[in-house]
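To start, the structure under review is shown below, and the notes come after it.
We count ligands from 1, going down the list as the structure has it; atoms in each ligand are counted the same way. None of these values were measured; they are calculated from a predicted model. For reference, positions follow the sequence shown, starting with 1.
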Amino acid sequence: MPDKPEVPRLGTDAASIAGDYRRIIGHELGHPFEVPLPDYAYQALALTLRARLIQRWNETRQQKTQNGVRRTFYFSLEYLLGRILRNAALNMGIDDEVAEALDMVGLDLEEVVGREEDAGLGNGGLGRLAACYLDSCATLALPVTGYGLRYEYGLFRQRIRDGYQVEEPDGWLAEGYPWELARPEFRQIVRFGGRAEHRVSAAGQLRVEWVDTEDVLAMPYDVPIPGYRNGVVNTLRLWSARATQRFNLTAFNSGSFAEAVAHRHDAENITAVLYPNDDNQQGKELRLRQQYFLVAASLADCLRRWRASNGSDMSNFADTHRFQLNDTHPAVAVPELMRLLMDECGYDWDRAWEVTSSCVAYTNHTLLPEALETWPVPMFERLLPRILEIIYEINARFLSEVARRWPGGTGRLQRMSLIAEGDPQMVRMAHLAVVGSFSVNGVAELHSELVRTEVLKDFHDLWPERFNNKTNGVTQRRWLAACNPALAELISETIGEGWLTDLEHLSELAPHAEDPAFRERWAAVKRANKERAARLIADSTGVRIDTSVLLDVQVKRIHEYKRQLMNVLHAIHLYRRVRAGEEITPRTILIGGKAAPGYHVAKQIIKLANNVAAVVNRDPATIGVLRVVFLPNYSVSRMEIICPAADLSEQISTAGKEASGTGNMKFMLNGAVTVGTLDGANLEILEAVGEENFFLFGLAADEVAAARADYDPASIVAADPDLEGVIALLRSGHFNQFEPGIFDGLIASVLAPGDPWMTAAGFGPLAEAQARAGEAYAHPERWVRMSIANTAASGPFSSDRSVRQYNEDIWGLEPLTVAAQG
Ligand code: 26Q
């Protein structure tokens, strides 16, 4: 082992933390007296904690870089980290000390923690999953490094103006980001454009050189990822694009300084902004640049690290590296690794392919065929000519394997080709990922089955052993311990703290549902959490909600397949019942989520939700019985307040469309009951908690597919007076009195026989399930039992379980053995 630098350990008692904090705020940050203290206090406290992470970080790194240690590199275009401070303190085991230290300097922890900007480097489920997995990997002491992009602007902030979504840039770095460390010594060059030159070397080998390229500098910034009280600190390495000097000088020498400066912007644009669509609508060149930039910089970094300790001997490289691709977004890793091995390390094709296809594994996250990523061949050709050549060669060899397996007939060849015919031809990234990987997994049982039998059926026929399932999970450290301290405390007091690292312990809560005193405390915690959520809702919408009523929540990206529209139809249905003088269980319906800026229908749904909310909330008939709220700017830190408060979790996607869902798991963990369809991980939640603790409705995925053929929404509406009444009220312009016609498109989509989401078919069953939920909530004892049952059954949905399975079936890593000291 290399010499350890002799750095004294920093104290983790409250007095040491307070002392450091005072030194930093006074001597390093120079807090100017006219600026409010908490802004500086947050920075100072973050630096105080960061210093305590750094030593553990170095120790972890020393272990990992020892020879022969296999490591996994998680490649993802998105990491939705949210805030860091509270979780870093919790995982380091100094959360109480930090609170006490702040007390000593006269500050309130909540207030200081609230100053941190969310790191919103992701759109939704896929990005948050990556963040949960990093937390679990560190907690399981697995040598896993995340690679991603340091977007200057994360996911846009959403404001609601006149009921419409307005996007604003997310300048999360404006005040400096204390959790990152620049590592200029590890910068890399990434090349674009140019052309491939082929020649035969003196030894008779074909050598390819990629020349006349435009180069961009990749600057790494490291974010520490601490495990839960085990001394491990892993790394998330985020690349930032900079113009290179060389690039600059070429243009300068040819006399065009202005162009040189303009080109700098081209280079630096690469990591300027996260693409805000969470499906693949437009094939923008900048997005492909982002993907290659991430992959090229990260693989070059791995090669650099390898060479530093192994020189040019690559023989063990395959055995010590695993690359997990978070969807197809980093799938260019396959041809790029081939390029590095052949063009830079002198491997021949077969050896390079052997290495590549035993290192790369691919996770699929989608069931919507239109969301499968493809790129125009001409764009690839222009941007990455050498990479395209390699893709062609992979394809030629792959197709001849297919032809050997299924002689005759071109249908299969065409379907499976990495290149889709057409004008222009398109590169199919999912096919590239499958062909180049030794493992392909879906993210819930149902989803993985549909991947095998539908999405990638031909590939499953060819390589069935490659396919597997890894049901998603969420980290209970963030999604229970940190975000719901009162419930965490009650749970730990009841069953001990084992659940923090083994969520299956939660099943020990089940018998306590029989204890009235326990139920009473459980209900009191929920009530207090609702008060906290009510403050957030009032602050951001002006609407005051009654915390004694059923809180019914749907927060997630806005998508037609997630059927927020159906939820709004149900809200209108309840509104009609109230106006008709019928009695309902009082309820607040909370909807939140961002729409991709170019997704017109999703934006219409937001507008409708807001208009319905405005009409309902100002109608005196609804006082005390119905509130509808659209919560703006849904984010990780907002979910941390919402999920502990929810009573009912809406997971109502059309069956067969939601790959897994992970919000469903966060709600369940915090004691919400699900009203849901047989989709994604809902099935596994249902299985775990039992039908009596879940409001199930709607068709199964295969029934949906079968029902499509003769789907006739008009007759469904005609046969259901409730739905008919809802549609009629909508049509009458009741929710858009001064904006005639704006919802016509939405109404028509519900009535269209081709409606892929079958919203009209779902309405009746949803309303019926909601009535059951309302009825159950009216019996508090029954409800609290269901709530406890949900938390008690949420053990399987820890990301620790997911990551353990990834490791057992795909990665095969040995845990690190860092001294298990906080
Ligand atoms: C692709 C190309 C170009 C631009 C954008 C994209 C893009 C970006 C983000 C495509 C997809 C995404 C995100 C997808 C996503 O979040 N999927 C969700 O993943 C979760 C974690 O597995 C699942 O729980 C959800 O069911 C799934 O919808």
> Among protein heavy atoms, which sits nearest to atom 14 (C) of ligand 1, and what does the distance come to when rounded to 0.1 Å?
Replying inline: D278 O, 3.7 Å
> Who's the nearest protein heavy-atom neighbour of atom 9 (C) of ligand 1, and how far?
Replying inline: E78 OE2, 3.2 Å
> Tell me: protein heavy atom nearest atom 22 (O) of ligand 1, and distance?
Replying inline: H365 ND1, 2.6 Å
> Considering only the protein, which heavy-atom contact is closest to atom 23 (C) of ligand 1, and what is its distance?
Replying inline: G661 N, 3.7 Å
> Within a strict 4.5 Å, meaning less than it, do heavy atoms of the V636 and R83 side chains meet?
Replying inline: no
> Does the pair I391 and V427 meet the rule for a side chain to side chain contact (heavy atoms under 4.5 Å, CB included), with working shown?
Replying inline: CA-CA 9 Å; I391 291 174; V427 180; 4.2 Å; yes
> Considering residues, nucleotides and ligands other than E370, do more than 12 of their heavy atoms fall under 6.0 Å from its CD?
Replying inline: yes
> What do we get for K284 next to ligand 1 when only non-hydrogen atoms under 4.0 Å count, side chain, backbone, both or neither?
Replying inline: neither
> Do NZ/NE/NH1/NH2 and the carboxylate oxygens of K457 and E454 come within less than 4.0 Å?
Replying inline: no
>> Less than 4.0 angstrom from a charged side-chain N to a carboxylate O is my criterion; do E560 and K657 meet it?
In response: no
> Can we say K470 and D809 salt-bridge, meaning some charged N sits less than 4.0 Å from an Asp/Glu carboxylate O?
Replying inline: yes
> What protein heavy atom sits nearest atom 26 (O) of ligand 1, and how far away is it?
Replying inline: E658 OE1, 2.6 Å
> Can you list the ligand 1 atoms lying under 4.0 Å from a non-hydrogen atom of Y561?
Replying inline: 28 (O)
> Among F75, W239, F192, which one satisfies ring-ring contact (aromatic ring centres under 6.0 Å, His included) with Y292?
Replying inline: F192
> Who's the nearest protein heavy-atom neighbour of atom 10 (C) of ligand 1, and how far?
Replying inline: H329 NE2, 3.4 Å
> Is there at least one pair of N or O atoms, one from Q291 and one from ligand 1, spaced under 3.5 Å apart?
Replying inline: no
> Quick one: nearest non-hydrogen protein atom to atom 2 (C) of ligand 1, plus distance?
Replying inline: N280 OD1, 3.3 Å
> Is it the side chain, the backbone, both or neither of W375 that has a heavy atom closer than 4.0 Å to ligand 1?
Replying inline: neither
> Would you say ligand 1 has an N or O under 3.5 Å from any N or O of D279?
Replying inline: no
>> Assess whether a salt bridge exists between D800 and R477, defined as any Lys/Arg side-chain N lying under 4.0 Å from an Asp/Glu carboxylate O.
In response: yes
> Under a 4.0 Å N-O cut-off, is there an ion pair linking E381 with R386?
Replying inline: no
>> Give the atom numbers and elements of ligand 1 that come within less than 4.0 Å of a heavy atom of A659.
In response: 26 (O)
> Which one of N277, V474, L288, T662 has a non-hydrogen atom at the shortest distance from atom 5 (C) of ligand 1?
Replying inline: N277
> How far apart are the closest heavy atoms of N364 and V443, and which atoms are they?
Replying inline: O-CG1, 3.6 Å
> So, E808 and R804, do they make that salt bridge, N to O below 4.0 Å?
Replying inline: no
> Nearest protein heavy-atom contact for atom 18 (C) of ligand 1: which residue, which atom, what distance?
Replying inline: L126 N, 4.0 Å
>> Check contact between G680 and ligand 1, using heavy atoms of the residue and a distance below 4.0 angstrom.
In response: no
> Heavy atom under 4.0 Å from ligand 1: found in R287's side chain, backbone, both, or neither?
Replying inline: side chain
